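None of the values given here were measured: they were computed from a predicted structure. Here is the naming used below: chain letters follow the sequence lines, and residue numbers restart at 1 for every chain.
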Number of protein chains: 2
Amino acid sequence: MQEPETIRILAVDDHEMTTLGYKFILEDYSFDGHTIHMDTAKTFAEGEHLIRDSVRKLPYHILLLDIQLSNSRNGPVETGEDLGIIAREVSPGTRVVFMSSFSDNYRINSIMQTVDPEGYMVKSEIDEGSLRAMVKTVMTQPPYYTQKALMAIRKKMANRINLDENDKQILYHLSIGTKTKDMVNHISLSLPSIENRKRQIKSLFGIEKQNDQALIAEARERGFL
Amino acid sequence: MQEPETIRILAVDDHEMTTLGYKFILEDYSFDGHTIHMDTAKTFAEGEHLIRDSVRKLPYHILLLDIQLSNSRNGPVETGEDLGIIAREVSPGTRVVFMSSFSDNYRINSIMQTVDPEGYMVKSEIDEGSLRAMVKTVMTQPPYYTQKALMAIRKKMANRINLDENDKQILYHLSIGTKTKDMVNHISLSLPSIENRKRQIKSLFGIEKQNDQALIAEARERGFL
DNA sequence: AACAAAACCATAAATATTTTATGGTTTTTT
DNA sequence: AAAAAACCATAAAATATTTATGGTTTTGTT
């Protein structure tokens, strides 16, 4: 049994009201004698700075990361996912929890593989009870996933078809509207190969001779998108 | 909003005390005006019969299946997983929940793919509260997984390596002690191929030049076993 | 409706990958 | 110490994938 101590949490979200909400709810909560202290950050840079800074003093116990963060005007697109990856590197003992507006499979799958967070909450499902349950679960016996995240995860797990990276890229690009003939610029395959693979995937999905829209729909149904 | 009605549940487990426990706890529970009626079965055959029979009258809302069932003396090995597969066929509207003593990854992965159950509970985690929560969740917004099941699922999801069926078979047979040279009898590959694949997998796992024990350990670590 | 663009399809040659047979060395087991 | 199994390497054979090419069909735009 560990000593009761103050649990330090950092929430990063560009909507200040959101992080404030977390702060009010959680600083008013305690379990097993622990109390909670929350810091907040509004941007990727600020969040990164606080994380790096904390490592040399007292690392955060938990990080609550929004996935979409306002990107600094010029630099590359920086997401909460990237921040999670950085956090894993510099502060490996810190539990990472994503707070996402989305419950789409592609994003959840991606984050589960790149960061493997201790928690994933879909924002529409966050309330006092779930927030507190999340903190407790993540501190004692992770993971914590909200119901919609679970539903996406279940879909993925139920899937016996495994597509390789190229296939997944093709599906992803289709889903964001990239034209097939333009995919050669993003994927290192020739056009006929991409066409072939699309046909193969359709066949695997049992939707031979149907068009791309059907492919996207089926990929979504099967948890790839 | 659906009319409150009696929720019909069938529990199949060869330990009668277990199903009785479920029955006492759940028939004493109600939510949203629903009451619960439980049937129980002690064997695969009995369970199968009750399921098939129910379809022509009132199908069960929920099936609670133990994974290990006493096999009838002569026939092939019949598991709760097989019963789940049958149930999916004959009674597709019925929610299936597995109650397993094990939380090993291989079994959970397998069941998630063959049956894709609405729930998975590790027996050591079952109590009044979780049982009731399971029923409610499964009826309203599946899935319901207990914490240990979730931990196995998380491991699997975090894994970016995808092995094909042959690779998985090799790992499985290794884990149950099949000798490499005997695997040719179970997997349609030549001995050098199996050796090759073992080497490849070790390489993927980052454990080149190590022995089978290390391979098994790593496969377990990564959620394949 | 007519045109252009993109998607879709089929074939065969070129490449790449995987499997297998073979013959050996090393490690483990008894 | 002997036997069994695991492990390794090589090259030929078998498979699978990619690609170039040239076409047809569908979709979208005007």
Side-chain angles (χ1 to χ4, degrees), chain A residues 105-106 109 113 159-222 224-225, chain B residues 105-106 109 113 159-222 224-225:
Chain A
N105 302 297
Y106 189 84
N109 294 344
Q113 301 214 325
N159 198 90
R160 359 150 74 93
I161 294 172
N162 42 7
L163 305 180
D164 66 17
E165 270 318 306
N166 282 328
D167 291 330
K168 286 182 199 156
Q169 284 281 311
I170 290 172
L171 288 180
Y172 173 71
H173 274 112
L174 267 186
S175 80
I176 62 171
T178 307
K179 285 173 197 144
T180 300
K181 72 172 182 62
D182 292 331
M183 287 190 194
V184 289
N185 302 321
H186 303 97
I187 304 171
S188 59
L189 284 175
S190 69
L191 186 54
S193 278
I194 292 172
E195 290 170 343
N196 259 332
R197 278 169 175 265
K198 273 169 55 182
R199 241 165 316 194
Q200 266 177 262
I201 300 171
K202 284 178 189 171
S203 165
L204 276 173
F205 283 1
I207 50 165
E208 281 105 334
K209 309 271 172 191
Q210 290 190 252
N211 64 14
D212 286 358
Q213 216 176 332
L215 180 53
I216 293 176
E218 190 64 29
R220 211 176 294 281
E221 188 59 34
R222 287 174 184 263
F224 289 106
L225 293 176
Chain B
N105 302 297
Y106 188 85
N109 294 343
Q113 302 214 327
N159 197 91
R160 355 152 77 96
I161 294 172
N162 42 6
L163 304 179
D164 67 15
E165 270 318 305
N166 282 328
D167 291 332
K168 286 182 198 155
Q169 284 281 311
I170 289 172
L171 289 179
Y172 173 71
H173 273 112
L174 268 185
S175 80
I176 61 171
T178 307
K179 286 173 196 143
T180 300
K181 73 172 182 61
D182 292 331
M183 286 189 194
V184 289
N185 302 321
H186 303 98
I187 304 170
S188 59
L189 285 174
S190 69
L191 186 55
S193 279
I194 291 172
E195 289 170 344
N196 259 330
R197 278 169 175 265
K198 272 170 55 182
R199 241 165 318 195
Q200 266 177 262
I201 300 171
K202 284 177 188 170
S203 166
L204 276 174
F205 285 1
I207 50 164
E208 279 106 336
K209 310 272 172 191
Q210 292 191 251
N211 64 15
D212 287 357
Q213 216 176 332
L215 179 53
I216 293 176
E218 190 64 29
R220 212 176 293 282
E221 189 58 35
R222 288 173 184 264
F224 288 107
L225 293 177

Heavy-atom side-chain contact between [X] and [Y] under 4.5 Å:
| X | Y | answer |
| --- | --- | --- |
| B:Thr178 | B:Tyr172 | no |
| B:Met183 | B:Leu191 | no |
| B:Ile194 | B:Thr180 | yes |

Worksheet, complete the sentence: Applied to residues 178-189 of chain A, the salt bridge (Lys or Arg N to Asp or Glu O under 4.0 Å) test, sequence neighbours excluded, yields none
Worksheet item: Can you pull the salt bridge (Lys or Arg N to Asp or Glu O under 4.0 Å) pairs that have at least one residue in residues 189-201 of chain A, sequence neighbours excluded?
Response: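 The answer is A:Asp164-A:Arg197, A:Asp167-A:Arg197, A:Lys198-A:Asp212.
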Worksheet item: Would you say A:Ser190 reaches D:dT18's phosphate, i.e. side-chain N/O to OP1/OP2 under 4.0 Å?
Response: no
Discussion item. Under 4.0 Å from OP1 or OP2 of C:dT20: is there any side-chain N or O of B:Ser193 that close?
Written reply: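 Affirmative; the distance criterion is met.
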Is the backbone of [Y] close enough, under 3.5 Å, to the side chain of [X] for a donor and an acceptor to pair up by distance?
| X | Y | answer |
| --- | --- | --- |
| A:Asn166 | A:Gln169 | no |
| A:Arg160 | B:Gln113 | yes |
| B:Asn162 | A:Asn162 | no |
| B:Lys202 | B:Gln210 | yes |

Practice prompt. Assert yes or no for the condition that the ring centre distance of B:Tyr106 to B:Phe224 is strictly below 6.0 Å.
Written response: no
Response to the item:
Letter by letter from the 5' end, nucleotides 22-30 of chain D scores (B base, S sugar-phosphate only, - none; protein heavy atoms under 4.0 Å) ---------
Discussion item. Among residues 159-181 of chain B, which ones have heavy-atom contacts with DNA chain D below 4.0 Å?
Written reply: B:Lys179, B:Thr180, B:Lys181
Worksheet item: Looking at residues 197-210 of chain B, who's got a heavy atom less than 4.0 Å off DNA chain D?
Response: B:Lys198, B:Arg199, B:Lys202, B:Lys209
Check the distance between [N]'s [atom2] and [X]'s [atom1] and give it to me in whole angstrom.
| X | N | atom1 | atom2 | result |
| --- | --- | --- | --- | --- |
| A:Gln213 | C:dC8 | CD | P | 11 Å |
| A:Leu191 | D:dA20 | CG | C1' | 11 Å |
| A:Ile187 | D:dT19 | CD1 | P | 12 Å |

Discussion item. Base, sugar-phosphate or nothing for B:Asn196? Non-hydrogen atoms, less than 4.0 Å.
Written reply: base
Worksheet item: Which is true for B:Leu189 with a 4.0 Å heavy-atom rule: it touches a base, it touches only sugar-phosphate, or it touches nothing?
Response: sugar-phosphate
Discussion item. Side chain to side chain contact (heavy atoms under 4.5 Å, CB included), that's the test. Do B:Ile216 and B:Leu225 meet it? Break it down for me.
Written reply: CA-CA 8 Å; B:Ile216 293 176; B:Leu225 293 177; 4.0 Å; yes
Discussion item. Looking at B:Gln213, I want to see if its CD is surrounded by more than 12 non-hydrogen atoms of other residues, nucleotides or ligands under 6.0 Å.
Written reply: no
Worksheet item: Per the end-axis method with five pairs at each terminus, what is the bend angle of the helix from C:dA1-D:dT30 to C:dT30-D:dA1, to 10°?
Response: 60°
Worksheet entry | Separation of B:Ser175 OG from B:Ile170 CD1 (nearest 0.5 Å) | 12.5 Å
